[in-house]
Protein chains: 2
Amino acid sequence: MAIALQKVSRQKQKAETRQKLVDAAAAELASGRSFDTLSLREVAKLAGIAPTSFYRHFHDMEGLGLTLVEQCGEALRKRIHDVLHQASEGRSLIRASVETLFEYFLSNQGMSRMILQESMSRQPEFRRAAERLMQTMSSDLANYLEEEARERGVPLGHARTAADSMVAILFTAGIALLDTPADERDRHVETAILQLRMIMRGAEAMGQT
Amino acid sequence: MAIALQKVSRQKQKAETRQKLVDAAAAELASGRSFDTLSLREVAKLAGIAPTSFYRHFHDMEGLGLTLVEQCGEALRKRIHDVLHQASEGRSLIRASVETLFEYFLSNQGMSRMILQESMSRQPEFRRAAERLMQTMSSDLANYLEEEARERGVPLGHARTAADSMVAILFTAGIALLDTPADERDRHVETAILQLRMIMRGAEAMGQT
DNA sequence: CTTTTCAGAGTACAAGTGTACGCACAACCG
DNA sequence: CGGTTGTGCGTACACTTGTACTCTGAAAAG
């Protein structure tokens, strides 16, 4: 006996299938595929829709890619923001940030790889999207550093520049991390923390000049 | 009237066609194509050989890619090495290094993009190749920093870690540089220099602890 | 109710892909 | 010299790719 099916609105239905496409792509990334070897037909098949129906949702694979980066970037950004603006349970803030970020990288390898990779992609749109993300994170971080320095009464020179350095290091280390067997990952974490502290020291030193 | 043709040895001939393949790929990269959209058939055609003859030289496109990275990486490494170990004509060494490296990135955009991009590639071989390059450069730099610090009698803590940071920043900045219109590039250069100096200061500060 | 809209399916096609197989012919080796 | 080796070519095959076109059926609009 068939259960009465809810009649769903058109736009809701459309949004759902669209998300199916996004999810299918994400799943494929998660299992190690690279985004630009992913074909329209393939994601369509994985999402359970006809290849030609893809066009009802995205004009391009690039369109899908941008949505993907955007969705994941938002999650990432939020995560860092939260760490910075809430109690860090006794851990130093630098340590908390590094650990949180790396944790995210590890549990979302597929998407992280994509973001990191597309930040160096040939497709200008992708690059810009990734760059925007990094810049947003860098701004967040810079604001925080300045505020925190003011509270401690330590003059901090070039907060934004320091923040840029930190983000660059975190992302570069992130990639290396994903290639590292689990039992050596701590070393990367400690190194990254050391690197960030070094930059903090340098920034403070240059603030006093 | 036909000029007498030199009879060429087999291995020399083979080496030549192999290089034709490499050059064809490099040329395509230089004109903006991304390596992994490059097909075997395409490079074969550009090199002026039959598609199936490709296999006489490389087992894979990946094989070609590795050769490409290797050749270009060597050039890059050498360039930096030279800057570090020779008179820098009055410029500070940091400035000289940054300017030389960025110059190289700009005049070899295709290859640079490839190296930078493949350092985050899905293909583990590529990643490792790029990582090897970065580590070599980092070692070179670390050695130099230590030696130079010894000469000045300044204790330098964690030279290698500092060098890693510097390389990460240089490569990240390199990508941004390539996306920047010519008249704004100086800003990137100055920022990078500032970032490296900051790290130096930090490293010195931590060396005294 | 009727009419319109539009997400999705199906078919079809031209173009491009990697590569297996066999052949030609010049360089090499004994 | 004659036999072997190996680079390069051409053909052929089985796929995969993006997408143009047409059709269907149900939700939305009137």
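Labels below follow one simple rule: chain letters A, B, ... track the order of the sequence lines, proteins then strands, and each chain is numbered from 1.
One interatomic measurement links the two molecules: CD of B:Glu16 to P of C:dA27, which rounds to 13 Å at whole-angstrom precision. Atom-to-atom, CG of B:Leu40 to P of C:dG18 comes out at 5 Å; the value is rounded to the nearest Å. If you take CZ of A:Phe54 and C1' of C:dA9, they are 16 Å apart, rounded to a whole angstrom. Going from atom CD1 of B:Ile49 over to atom P of C:dG18 covers 13 Å, rounded to whole Å. In this entry the distance linking CE of A:Met61 with P of D:dG18 reads 8 Å, nearest Å. Atom CZ of A:Phe58 and atom P of D:dT19 are 15 Å apart (whole Å). Rounded to whole angstrom, the span from the CD atom of A:Gln19 across to the P atom of C:dA7 amounts to 17 Å. In this entry the distance linking CD of A:Glu42 with C1' of D:dT17 reads 11 Å, nearest Å.
In this structure, of D:dA20, D:dG8, D:dC9, it is D:dG8 that holds the atom nearest to the side chain of B:Gln13. Distance from the side chain of B:Lys14 is smallest to D:dT7 among C:dA9, D:dA28, D:dT7. Closest to the B:Arg41 side chain, of the nucleotides D:dG10, D:dG18, D:dA12, is D:dA12.
Residue B:Thr52 places no side-chain atom within donor-acceptor reach of the base of D:dG8, judged by atom type and a 3.5 Å distance cut-off alone.
In terms of phosphate contacts, B:Gln11 brings no side-chain nitrogen or oxygen within less than 4.0 Å of OP1 or OP2 of D:dT7. Close to D:dT7, at under 4.0 Å from its OP1 or OP2, lies no side-chain N or O of B:Ser53. Side-chain nitrogen and oxygen atoms of A:Thr17 include at least one within less than 4.0 Å of the OP1 or OP2 phosphate oxygen of C:dG8.
No donor-acceptor distance shorter than 3.5 angstrom exists from the side chain of A:Arg77 to the backbone of A:Leu133, with no hydrogens or angles considered.
No hydrogens or angles considered: nothing links the side chains of A:Thr37 and B:Arg122 as a donor-acceptor pair under 3.5 Å. Side chains of B:Gln86 and B:Asp82: a donor-acceptor N/O pair is absent below 3.5 angstrom, by distance only.
Taking CZ of A:Arg56 as the reference point, atom OG1 of A:Thr17 lies at 11.0 Å (rounded to 0.5 Å).
Across all strands, B:Ser39 comes closer than 4.0 Å only to sugar-phosphate atoms, never to a base (heavy-atom distances).
Nearer the 5' end of DNA chain D, as judged by each residue's closest nucleotide, is the contact made by B:Arg10, out of B:Arg10 and B:Arg56.
Using a 4.0 Å cut-off between charged side-chain N and carboxylate O, B:Glu190 and B:Arg95 make a salt bridge.
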